[in-house]
Amino acid sequence: MLRYLTAGESHGQALVVVVEGLPAGLTVTVEDIQAELARRRLGYGRGPRQRFEEDELTLIGGVRHGRTLGSPVAIEIKNSEWFRSDKWHEEMSPAPGATKDPLTQVRPGHADLVGMQKYGFTDARDVLERASARETAARVAAGALAKLLLAELGVAVISHVIQMGTARASTEHRPTPTDLAAVDADEVRCFDAGASAAMVEEIKAAAKDGDSLGGIVEVLGYGVPVGLGSHVHWDRKIDAALAQAVMSIQAVKGVEIGDGFEVAGRRGSDAHDGIVWDPGSNDSARWPAAPKVG
């Protein structure tokens with residue numbers, strides 16, 4: 001099983017991620033991970049920081065001559081802002097001391113206020129620097145390694161935006177892994193061109209009012225083998241593991257598997273997928289005959 005741990009603050013020197021459980025011999029390059037980090041910065045209406053921040057990546061350990069060793073893989077992502085401005089050298093210094101200008105204005109909808117109350121902090125930066133979505137850069141680096149491993153197993157993952165504000169894309173045609181370039185080329189990473197234009201207009205309208213928007217992202221897995229996870233214990237269920245991972249991302253407030261929220265208002269006869277057996281399918285060879293009893 002893969003597991004990872006991240007460390008570092010938003011305006012600190014760097015983010016660090018350690019990934020354990022990768023097999024030996026997996027081909028990995030800095031460019032592979034860098035490409036995924038570049039995709040993280042895509043998106044219409046991103047703030048100024050996302051436009052100029054650069055992810056300078058270093059493989060610290062676990063990879064030799066372009067292949068994994070079977071030991072933990074450690075990745076460092078330097079913070080270009082920290083090196084560009086002396087302000088952060090003082091503000092985020094690990095040496096004993098105190099900041100000259102504590103940040104006391106907390107942000108609604110963030111962990112700032114509760115974190116300060118919980119730990120007795122008087123500077124919101126003690127909380128927000130770690131609660132920041134900048135931490136997801138380290139997760140993307142870990143995810144890049146996971147995607148390389150999945151590719152060896154014939155599994156591919158693609159995501160796309162299906163809703164922004166009230167503008168919603170049609171889900172009649174969903175992207176496949178071969179559509180990744182087209183999704184990334186879209187301003188809001190939407191596979192529906194008409195909905196994409198409507199989303200951009202909603203973003204513009206919110207920005208004009210000094211406001212922001214929420215949205216919905218759909219993640220699709222292709223080539224996923226049957227039977228991942230387990231029904232025998234709560235902590236081995238694949239749906240539960242996926243939901244926990246996604247909910248842990250900053251700003252995510254809801255997770256559905258399939259049409260989870262939509263089918264809540266339907267009767268069971270309309271919500272469940274019918275089971276159809278196709279004897280000519282290649283999958284039929286993977287199903288053993290029913291055991292005989294007696």
Side-chain angles (χ1 to χ4, degrees), residues 1-10 12-43 50 53-83 130 133-160 175-185 189 217 219-230 235-236 238 241-242 244-246 248-249 282 286:
M1 176 180 287
L2 295 182
R3 63 174 183 169
Y4 73 95
L5 190 68
T6 73
E9 285 70 47
S10 181
Q13 298 182 45
L15 293 171
V16 176
V17 60
V18 176
V19 180
E20 185 181 44
L22 287 169
L26 180 68
T27 300
V28 174
T29 67
V30 168
E31 290 73 22
D32 291 329
I33 305 170
Q34 198 82 55
E36 294 293 338
L37 288 170
R39 293 183 60 243
R40 175 182 173 273
R41 296 195 298 271
L42 297 174
Q50 287 86 357
E53 72 179 2
E54 298 174 0
D55 298 312
E56 184 182 336
L57 185 145
T58 304
L59 283 170
I60 301 297
V63 178
R64 182 170 183 258
H65 300 318
R67 58 182 177 81
T68 55
L69 301 175
S71 53
V73 174
I75 302 172
E76 179 189 59
I77 307 171
K78 287 187 173 63
N79 184 355
S80 59
E81 263 199 285
W82 192 88
F83 290 96
R130 181 59 185 171
R134 171 66 184 162
E135 182 265 347
T136 59
R139 300 200 208 190
V140 169
L145 297 176
K147 288 177 72 173
L148 291 172
L149 178 59
L150 288 174
E152 293 292 319
L153 305 174
V155 179
V157 178
I158 184 172
S159 63
H160 63 128
T176 67
T178 58
D179 298 310
L180 177 60
V183 171
D184 282 353
R189 302 195 75 256
V217 174
V219 182
L220 304 166
Y222 289 89
V224 179
V226 173
L228 286 182
S230 175
D235 58 341
R236 300 181 191 175
I238 189 66
L242 289 172
Q244 194 280 332
V246 176
S248 72
I249 297 172
N282 291 332
R286 298 164 58 188

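- Between the side chains of E56 and S80, not a single donor N or O lies within less than 3.5 Å of an accepting N or O.
- Crowding of I238 atom CD1: a count of heavy atoms from other residues, nucleotides or ligands under 6.0 Å exceeding 12.
- Within the 4.5 Å cutoff, side-chain heavy atoms of I158 are placed close to those of V183.
- Summarising the geometry, atom OG belonging to S71 is positioned 11.5 Å from atom CZ belonging to R64; distances are rounded to the nearest 0.5 Å.
- In this structure a side-chain-to-backbone donor-acceptor pair under 3.5 Å is missing from D184 to A181.
- Considering only heavy atoms from C-beta on, E36 comes within 4.5 Å of K147 through its side chain.
- Taking a cutoff of 4.0 Å between a charged side-chain nitrogen and a carboxylate oxygen, R3 and E20 qualify as a salt bridge.
- You'll find the side chain of I75 stays beyond 4.5 Å of the side chain of V16, heavy atoms only.
- At a threshold of 4.5 Å between non-hydrogen side-chain atoms, the residues V28 and L22 do not count as touching.
- Contact between A141 and I77 at its shortest, heavy atoms only, is CB-CD1, 4.1 Å.
- The closest side-chain heavy-atom distance from R39 to R189 is below 4.5 Å.
- Rounded to the nearest 0.5 Å, atoms CG (L59) and CG (D32) are 9.5 Å apart.
- One distance of note links OH of Y222 with CG of L150; it measures 15.0 Å at 0.5 Å rounding.
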Assess the residue pair T6 and R130 against the criterion (side-chain hydrogen bond (donor to acceptor under 3.5 Å, both in side chains)); give the C-alpha distance rounded to whole Å, side-chain angles, the decisive distance to 0.1 Å, and a yes or no.
CA-CA 10 Å; T6 73; R130 181 59 185 171; 2.8 Å; yes
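- Using a 4.5 Å heavy-atom threshold, the side chains of L15 and R134 count as touching.
- Judged by distance alone, the side chain of T136 and the main-chain N or O of R139 form no donor-acceptor pair under 3.5 Å.
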Report the C-alpha separation of R67 and L26 in whole Å, then their side-chain angles, then the decisive distance to 0.1 Å, and conclude whether the side chain to side chain contact (heavy atoms under 4.5 Å, CB included) test is met.
CA-CA 5 Å; R67 58 182 177 81; L26 180 68; over 6 Å; no
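- Counting heavy atoms from C-beta outward, L220 and H160 have side chains that approach closer than 4.5 Å.
- Under the side-chain contact (heavy atoms from CB on, under 4.5 Å) criterion, A14 pairs with E76, sequence neighbours left out.
- For the pair P23 and T68, the minimum side-chain heavy-atom distance is 4.5 Å or more.
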